[in-house]
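So that the names make sense, note that chain A is the first sequence line, chain B the second, and so on, each numbered from 1.
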There are 2 protein chains.
Amino acid sequence: MGKTDQLEPPHHCQLCNNRPSSAFRDLNAETLDTVSQLKTCAAFKKGQVMLHEGARPQGVYCIHKGKLKFYRLGSEGKEQIVRFATNGDLVGYRSILSDEPIGASVTALEDTFACYIPKSSFFEVIDQNPKFSLNLLQDSCHELGEAGKMITSLAQKTVRQRLAEIFLVLRATFGEDHEGYLDLKLTREEIANMVGTATESAIRLISELRSEGAIHTAGRRIKIEDPSTLRDLAAVVD
Amino acid sequence: MGKTDQLEPPHHCQLCNNRPSSAFRDLNAETLDTVSQLKTCAAFKKGQVMLHEGARPQGVYCIHKGKLKFYRLGSEGKEQIVRFATNGDLVGYRSILSDEPIGASVTALEDTFACYIPKSSFFEVIDQNPKFSLNLLQDSCHELGEAGKMITSLAQKTVRQRLAEIFLVLRATFGEDHEGYLDLKLTREEIANMVGTATESAIRLISELRSEGAIHTAGRRIKIEDPSTLRDLAAVVD
DNA sequence: AGCCATAAATGATTTTTATCAGGAAGGCTC
DNA sequence: GAGCCTTCCTGATAAAAATCATTTATGGCT
């Protein structure tokens with residue numbers, strides 16, 4: 001379940017376009033070869049769950065192409081989106097390294113291809129290549145900083161401010177398509193689940209931002225019209 | 001500034017009681033020796049700032065004895081406490097490793113003694129001892145999990161629920177003194193800054209919990225009378 | 001292309017939380 | 001230990017956000 005059969009031709013990590021921006025960026029050719037041989041390919045359709053909160057993953061996924069959301073289920077069963085993953089990101093390593101159950105479910109926001117690296121191979125790479133764990137360390141320290149920002153934002157900003165902020169964050173993370181729309185489609189509910197508010201509230205505030213000219217929407221496609229208004233609104237400090 | 005002169009006799013890391021629970025837990029004798037020789041001692045009085053948000057630390061602190069709060073300043077200048085540190089915790093390494101400015105200020109909640117390890121020595125240890133960076137990685141992955149919990153809590157729970165939760169978290173982190181009071185004194189404002197609410201709201205809700213018999217307060221000293229009521233209230237999932 | 005389920009939008013209302021204001025108590029300094 | 005400043009507490013009010021109820025629109029599917 002979850003992992004489907006190989007849909008993409010498996011290719012060598014050495015040739016992967018994502019490598020420079022991934023945790024594998026500094027792996028030597030030899031280790032890279034080991035990984036390449038031990039990995040398998042996995043495809044996830046839009047909406048499909050990659051990892052389940054509370055589970056014990058037996059390996060990590062390296063996202064080849066796609067977009068995923070990480071979310072925790074609150075006491076009322078409401079999703080709280082805590083972060084995203086896309087090309088080059090490693091998924092599932094946190095749980096394996098801290099030896100704890102997975103803290104957040106991971107679901108594909110669009111059709112996604114990933115490479116699966118079994119736990120044992122993953123640890124092998126860590127042992128063989130100290131630079132690798134250092135890169136992971138770097139990445140997770142960066143994530144910790146982002147989490148701190150999110151905490152402060154949730155604790156101190158109004159829903160309106162957080163909403164404005166989220167659009168800027170999404171643009172920075174996923175970029176824009178050729179028409180200037182955010183390169184990511186989310187339902188209003190998912191937006192609410194990021195911002196930490198009720199779906200209705202999110203809808204109302206999105207309409208407000210739209211009528212104020214800060215953003216433009218076409219169904220689920222969202223275009224940022226006026227970034228500086230959003231920045232002012234969000235009271236972005238850093 | 002910040003770091004004061006040596007007030008404690010510098011002792012060898014090998015003999016440090018905190019070592020088993022610190023990131024140095026698996027260091028070999030040789031590396032430990034290097035660290036010991038390069039570290040200096042630092043003392044911080046209650047209320048003194050150890051690290052300033054936005055700064056570039058030139059080393060890391062290993063807390064020998066004391067308690068500190070990590071906090072970010074929101075747009076309105078309001079403190080948001082994001083986590084704590086106590087005996088055996090390493091402070092400042094996140095910023096050094098991700099090569100970013102410090103994300104949160106760190107201030108002593110009580111008189112604190114720490115060992116200061118310069119950046120260069122810190123990296124030396126990392127290079128010499130791969131197990132060390134793996135431990136750090138483990139710790140930061142654990143922290144990431146905690147941050148995710150905090151995010152969900154802030155986004156989905158009411159202030160009342162978060163307050164109940166915080167008391168349980170504080171007990172788990174700092175324990176109780178011989179009389180059963182939390183071994184940590186915080187102002188109502190600091191509690192509000194953890195929970196992410198106005199000071200007045202925190203005060204009101206603390207009074208409620210007290211009159212409901214869930215907690216007992218004596219000035220800034222707080223005793224948990226009825227953990228299960230708090231757990232129910234907080235709707236703790238995991 | 002049309003149908004159906006799902007999502008989005010909007011209004012009315014309640015609940016929660018913040019803000020403002022004033023007074024009481026506590027803790028720290030001299 | 002007197003005095004003072006900070007923190008704590010309480011009440012009143014305002015603002016923000018959640019909830020509930022319906023209508024309208026949309027996008028996914030056959």
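Annotation: of the two residues near DNA chain C, A/Ala155 and A/Ser207, the 5′-most nearest-nucleotide partner is A/Ser207.
Atom CD of A/Glu208 is separated from atom P of C/dA9 by 13 Å (rounded to the nearest Å). To the nearest angstrom, P of C/dC20 lies 11 Å from CD of B/Glu76. Following rounding to the nearest Å, B/Arg162 (CZ) and C/dA18 (P) show an atom-to-atom distance of 8 Å. Straight-line distance from the NZ atom of B/Lys157 to the P atom of C/dT15: 23 Å, rounded to whole Å. In this structure, the CD1 atom of A/Ile203 is 12 Å from the P atom of D/dA18, given to the nearest Å. Atom-to-atom, CG of A/Leu154 to C1' of D/dA16 comes out at 16 Å; the value is rounded to the nearest Å. Going from atom CD of A/Glu189 over to atom C1' of D/dG27 covers 16 Å, rounded to whole Å. The CG-C1' distance, from A/Asn193 to C/dA8, rounds to 15 Å in whole Å.
Separation of atoms CD (A/Glu146) and SG (A/Cys141) is listed at 12.5 Å; rounding is to 0.5 Å.
As judged by a 4.0 angstrom heavy-atom cut-off over every strand, A/Thr199 is placed among residues making no nucleic acid contact. Contact annotation for A/Arg210: backbone-only contact, meaning every heavy-atom pair under 4.0 Å involves sugar-phosphate atoms and none involves a base. Within 4.0 Å of B/Thr158, counting heavy atoms only, lie sugar-phosphate atoms of the nucleic acid but no base atom. The residue A/Glu200 sits close to a base: some heavy atom pair falls under 4.0 Å.
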Apply the test side chain to side chain donor-acceptor pair (under 3.5 Å) to residues A/Arg188 and A/Thr199: give CA-CA distance (whole Å), side-chain angles for both, the deciding distance (0.1 Å), then the verdict. CA-CA 6 Å; A/Arg188 299 293 193 262; A/Thr199 309; over 6 Å; no
Intermediate values then yes/no, side chain to side chain contact (heavy atoms under 4.5 Å, CB included), A/Arg162 and A/Thr158: CA-CA 6 Å; A/Arg162 268 139 55 197; A/Thr158 63; 5.9 Å; no
Please evaluate residues B/Ser207 and B/Arg204 with respect to the criterion side chain to side chain contact (heavy atoms under 4.5 Å, CB included), reporting the C-alpha separation (whole Å), side-chain torsions for both, the decisive distance (0.1 Å), and the verdict. CA-CA 5 Å; B/Ser207 302; B/Arg204 259 182 265 268; 5.8 Å; no
Review item, side-chain donor-acceptor pairs of residues 83-92 of chain B, under 3.5 Å, at least two apart:
| unit_1 | atom_1 | unit_2 | atom_2 | d |
| --- | --- | --- | --- | --- |
| B/Thr86 | OG1 | B/Gly66 | O | 2.9 |
| B/Asn87 | OD1 | B/Gly66 | N | 3.0 |
| B/Asp89 | OD2 | B/Thr86 | N | 2.8 |

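Scanning for side chain to side chain donor-acceptor pair (under 3.5 Å) contacts around A/Glu76 gives an empty result, with sequence neighbours left out. Listed by chain and residue number, A/Asp226 satisfy the side chain to side chain donor-acceptor pair (under 3.5 Å) test with A/Ser228 (two or more places apart in sequence, or in another chain).
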Table of protein N/O atoms under 3.5 Å from nucleotides 1-3 of chain C N/O atoms:
none

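Of the residues in residues 216-224 of chain A, those lying under 4.0 Å from DNA chain D by heavy-atom distance are A/Gly219, A/Arg220.
Inter-residue side-chain proximity for A/Arg210 and A/His216 is flagged as unmet; no heavy-atom pair is nearer than 4.5 Å. At least one side-chain heavy atom of B/Phe167 sits less than 4.5 Å from a side-chain heavy atom of B/Ile215.
Between B/Ser201 and C/dA18, a side-chain N or O to OP1/OP2 separation shorter than 4.0 Å is present. For D/dG27, the OP1/OP2 oxygens have no side-chain nitrogen or oxygen of A/Arg188 closer than 4.0 Å. Contact annotation: B/Thr197 side-chain N/O to C/dA18 OP1/OP2 distance is under 4.0 Å.
Using a 3.5 Å distance cut-off with no hydrogens or angles, the side chains of A/Glu189 and A/Thr187 do not pair a donor with an acceptor. Side-chain polar atoms of A/Glu165 and A/Ser153 form a donor-acceptor pair below 3.5 angstrom.
Using the six-membered ring where Trp is involved, B/Phe44 and B/Tyr61 have ring planes that are perpendicular, over 60° apart on the 30 and 60° scheme.
Listed candidates were C/dA18, C/dT10, D/dA18. Nearest to the side chain of B/Ala198 is C/dA18. Distance from the side chain of B/Arg204 is smallest to C/dC20 among C/dC20, D/dC8, D/dT19.
B/Glu100 and B/Arg94 get closest at one heavy-atom pair: OE1-NH1, 3.3 Å.
Overall, the helix from C/dA1-D/dT30 to C/dC30-D/dG1 carries an axis bend of 60° between its ends, with five pairs at each end and the value rounded to 10°.
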